[in-house]
Amino acid sequence: MALHLYDTRHREKVPFKTIHPGKVSMYVCGVTVYDRCHLGHARCYIAFDVIYRWLKQSGYDVTYVQNFTDIDDKIIIRAQTEQRDWREIVDENIEAYYNDMDRLNIQRANHYPRCTDYVEHMIGIIDVLIDKGHAYVASDGVYFHVDSAPEKYGQLTGQSIEAVRSGASGRVEDQSGKKDHKDFALWKAAKPGEPTWDSPWGPGRPGWHIECTAMSLDHFLNEFDIHGGGHDLRFPHHEAEIFQGECYTDHSPVVHHWMHNGFVNIDGEKMSKSLGNFWTIDEILAKVDPLVLRFALINSHYRSPIDMNESLLKDAERNYAKLLDVYETMVKQLGQGEPVNLPHPDTASAQPLSKGLGMLELMGEHFAKAMDDDFNTREAIAKVLTALREMSKILDAGLEESDAHAFAHYCVEWLEETAGTVLGLLPEREEVLRIKIDPRREAIAKKVEHLLEKRAEARASKDYATADAIRDELASLNVIVTDTADGPVWELR
RNA sequence: GCACGGAUGUCAGAGUGGCUAUGAGCGGGACUGCAGAUCCUGAGACCGGAGUUCGAAUCUCCGUCCGUGCUCCA
């Protein structure tokens, strides 16, 4: 099945068609860098990271652009209250952004334009819009005149122009120079103490919506394949972009596919700064492993809301541990040299290994099918988990040594492609082995081994009181002992 | 109020017009001195009503409830 994605504009899943064969141009609205990122940002950028990864995996040559909004009311206010240069705040938060994203194993976009580098472009676009009669100069800036292109209204949210007209009539009390309350600012005239740029309409700074239009069109000329962002950006931000972009370029559509991710909720309510119920990425990563968080966030479809809570994280922790555990086991079993041949994968075979391989192959196909179906990561993870079970099952049954190596090769490859490359959930192969030589573990290994020996002796002589006492002692060292068929194993808690 | 999206077992959550996943939890079994891990296995759901259909959780309509947007927001 070919890739389908949900297009906000069409309100349904549509076949994905690119403007240029084999190439994808993708723009995602980035953050306004007045503060640190929170969980909601993590969700958004992980979602588009997975989309980016899957497009590449599907053979597309993807150009991914994500901006930084580095000038805005909030940044100015922040600078004023903190008595600092706004540029300092911006740089600091951009650095923190990269840091957060790296920790979540989010691949870098190809370009990260900053608004302030595009002010010239914005002025150029505004100029054209004025010439074409879509914008007008007022006392306090330049506005886009929505009624100059009414047919473009409500493309993403389905709201009628009349409804908004009446809906807002009660609270249009701003003293701006707008002719109509639906109009939005393209250029804001300077106020005292604010950073400003020169323009034909006097000193000032760009409006929020024009920024994304300028940056996306600068990278992609007149049209591009995917425009993404949070659900809340549909209106007015993205609808404003449709007005600006299409009126400026005379192309329709400029954006071929609109994609919006769902929100992170806390106790059923949207996480937001005004409600005070947000967690920054930094805060949550102090408590949760970054890849576990990543797992938790892609363990649901990118468009559905996620209600973040303890049990969700616990669930993710368990499943993720299982994934790592099987992966680690397989990596350790790789052995030396080339793998020998495995039996032919065949779900109908009576031979367990052959049948198991058939199951894994099938899960791989289902995985791809899930991803092709509007990037259904939830379903894709279900396939990975089923595959993990299958792998453990085959391992449990016992394999000849050469089969075990070959099987491990197969499994490692399978996992690295699905859970690794596509979902971004696996650490580096070396990293997995390095966990074994954790310095904390090294430090107490001798002592633990010694105690385990004594415990083994006690158990052999059925002195279970002593055995349990030793286990308690180990527990006080934060060592968890688990008896398996191959003897006890231990790990640090 | 208008717009958009939801409602699936105890919970979280996918889903194809006929058979339903996945994980946790719960029940049984194997292995265990015990615990845990692992494997096998069981029970358990499709908001209400009407319609289309041989057949609806899936399509249509009505209702109820929930979330989000209509203002800066990922």
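The basis for the numbers below is simple: all heavy atoms, side chains too, and nothing from hydrogens, waters or symmetry mates. Letters A, B, ... mirror the listed sequences (proteins, then strands); counts begin at 1.
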Q.
Assuming nearest nucleotide by heavy-atom distance, tell me which of A:Thr482 and A:His209 is located more 5' along RNA chain B.
A. A:Thr482
Q) Atom CG of A:Leu156 to atom P of B:G5: distance rounded to whole Å? A) 12 Å
Q: For A:Glu328 and B:U38, give me the distance from atom CD to atom P, rounded to whole Å.
A: 14 Å
**Q.** Distance, P atom - from B:U71 to B:A12, rounded to whole angstrom
**A.** 32 Å
Q: Find the partner of B:C72: check Watson-Crick (N1-N3 plus N6-O4 or O6-N4) and G-U wobble (N1-O2, O6-N3) distances, both under 3.5 Å, and reply none if neither fits.
A: none
Q) With a 4.0 Å cut-off on heavy atoms, is A:Phe48 in touch with a base, just the backbone sugar-phosphate, or nothing at all? A) nothing
Q: Please state how far atom CE in A:Met391 lies from atom P in B:U38, giving the value in whole angstrom units.
A: 16 Å
Q: Determine whether A:Arg114 and A:Ile94 make a side-chain contact, defined as any pair of heavy atoms from C-beta on separated by less than 4.5 Å.
A: yes
Q | Under 4.0 angstrom between A:Asn376 side-chain N/O and B:G15 OP1 or OP2 | A | yes
Q.
Once you apply a heavy-atom cut-off of 4.0 Å, does A:Arg455 come out as touching a base, just sugar-phosphate, or nothing?
A. base
Q) When we call it a touch if two heavy atoms are under 4.0 Å apart, what does A:Ser311 touch: a base, just sugar-phosphate, or nothing? A) nothing
Q | P-based separation of B:A35 from B:G44 [nearest Å] | A | 28 Å
Q.
Please pick, from B:C34, B:A14, B:U22, the nucleotide with the shortest atom-to-atom distance to any side-chain atom of A:Ser304.
A. B:A14
Q) Can you tell which of B:U22, B:G33, B:G69 lies closest to the side chain of A:Arg234? A) B:G69
Q.
Under 4.0 Å, counting only non-hydrogen atoms across every strand here, what does A:His260 touch: a base, just sugar-phosphate, or nothing?
A. nothing
**Q.** Test item: side-chain donor near acceptor, A:Asp463 and A:Ser461, under 3.5 Å
**A.** no
**Q.** B:C65 versus B:G25 - spacing of their P atoms, nearest Å
**A.** 36 Å
Q: Would you mind reading off the distance between A:Glu310 atom CD and B:A24 atom P, rounded to a whole angstrom?
A: 18 Å
Q) Contact class for A:Met259 vs. all strands (heavy atom < 4.0 Å): base, sugar-phosphate, or nothing? A) nothing
**Q.** Pairwise C1' distance for B:A45 and B:U20, with rounding to whole Å
**A.** 11 Å
Q: Determine whether A:Leu395 and A:Met330 make a side-chain contact, defined as any pair of heavy atoms from C-beta on separated by less than 4.5 Å.
A: yes
Q) Using a cut-off of 4.0 Å on non-hydrogen atoms, how would the nucleic acid contact of A:Arg11 be classed: base, sugar-phosphate, or nothing? A) sugar-phosphate
Q: Report the distance from atom CZ of A:Phe235 to atom P of B:G69, rounded to the nearest whole Å.
A: 13 Å
Q: Counting Watson-Crick and G-U wobble pairs only, both distances under 3.5 Å, name the nucleotide matched with B:G67, or none.
A: B:C4
(Q) Check the phosphate of B:G23 against A:Lys322, side-chain N and O only, distance under 4.0 Å to OP1 or OP2. Yes or no? (A) no
Q: Among B:A74, B:C34, B:U22, find the nucleotide with the atom closest to the side chain of A:Arg459.
A: B:C34
Q) Between B:C47 and B:G67, how far is it from one C1' atom to the other, in whole Å? A) 16 Å
(Q) Both A:Glu379 and A:Val481 contact RNA chain B. Which one's nearest nucleotide lies toward the 5' end? (A) A:Glu379
Q. With the threshold set at 4.0 Å, does a side-chain nitrogen-carboxylate oxygen contact exist between A:Lys322 and A:Asp325?
A. no
Q: Taking atom P in both B:U52 and B:C61, compute the distance separating them and give it to the nearest angstrom.
A: 15 Å
Q: Output yes when at least one side-chain N/O atom of A:Ser392 is less than 4.0 Å from OP1 or OP2 of B:C39, else no.
A: yes
Q) Would you call A:Glu92-A:Arg36 a salt bridge at under 4.0 Å N-O? A) yes
Q | Short side-chain N/O contact to B:G23 OP1/OP2 from A:Arg389, under 4.0 Å | A | yes
Q.
Any base atoms under 4.0 Å from A:Arg378, or only sugar-phosphate, or nothing? Heavy atoms, all strands.
A. base
**Q.** Sugar-phosphate, base or nothing in reach of A:Gly40, heavy atoms under 4.0 Å
**A.** base
Q | Salt bridge present between A:Lys393 and A:Glu390 (N-O < 4.0 angstrom) | A | yes
Q | Strand partner of B:A30, provided both Watson-Crick or wobble distances fall under 3.5 Å | A | B:U38
Q.
If I pick the P atom on B:C40 and the same atom on B:U22, what distance separates them, to the nearest angstrom?
A. 12 Å
Q. What residue among A:His238, A:Arg234, A:Arg303 forms side-chain hydrogen bond (donor to acceptor under 3.5 Å, both in side chains) with A:His260?
A. A:His238
Q: For B:G23, give its Watson-Crick or G-U wobble partner with both distances under 3.5 Å, or none.
A: B:C11
Q: Please work out if A:Asp73 contacts a base, only the sugar-phosphate, or nothing of the nucleic acid, heavy-atom cut-off 4.0 Å.
A: nothing
Q.
Using atom P in both nucleotides, what's the gap between B:G49 and B:U58 to the nearest angstrom?
A. 12 Å
Q.
Under 4.0 Å from OP1 or OP2 of B:G5: is there any side-chain N or O of A:Tyr6 that close?
A. yes
Q.
Exactly one of A:Asp374, A:Asp373, A:Asn261 should register a side-chain hydrogen bond (donor to acceptor under 3.5 Å, both in side chains) with A:His301. Which one does?
A. A:Asp374
Q. Which part of the nucleic acid does A:Lys74 contact within heavy-atom distance under 4.0 Å: base, sugar-phosphate only, or nothing?
A. base
Q) Without hydrogens or angle criteria, can the side chains of A:Asp73 and A:Tyr34 be said to hold a donor-acceptor pair below 3.5 Å? A) no
Q: To the nearest Å, give me how far apart CG (A:Asn265) and P (B:G13) are.
A: 10 Å
**Q.** Close side-chain approach of A:Glu379 to A:Lys383, heavy-atom, < 4.5 Å
**A.** yes
Q.
Counting the atoms with a prime plus P, OP1 and OP2 as sugar-phosphate, which does A:Val264 contact under 4.0 Å by heavy atoms, base, sugar-phosphate, or nothing?
A. base
Q) When the distance from CZ of A:Arg43 to P of B:U68 is rounded to whole Å, what number comes out? A) 14 Å
Q: Give A:Gly262 one of three labels, base, sugar-phosphate or nothing, depending on what nucleic acid heavy atoms sit under 4.0 Å from its own.
A: base
Q) Out of B:A74, B:A35, B:G69, which nucleotide sits closest to the side chain of A:Met271? A) B:A74
Q | Counterpart base for B:A43, defined by Watson-Crick or G-U wobble contacts under 3.5 Å | A | none
(Q) Which nucleotide wins on minimum distance to the side chain of A:Arg318, given the candidates B:A24, B:G23, B:G15? (A) B:A24
Q. A:Asp315 has a side chain; which of B:C39, B:G23, B:A74 sits nearest to it?
A. B:G23
(Q) Both distances below 3.5 Å, Watson-Crick or wobble geometry, any strand: find the nucleotide opposite B:G51. (A) B:C59
Q) Which whole-number value in Å describes the distance from A:Trp258 CH2 to B:A74 P? A) 15 Å
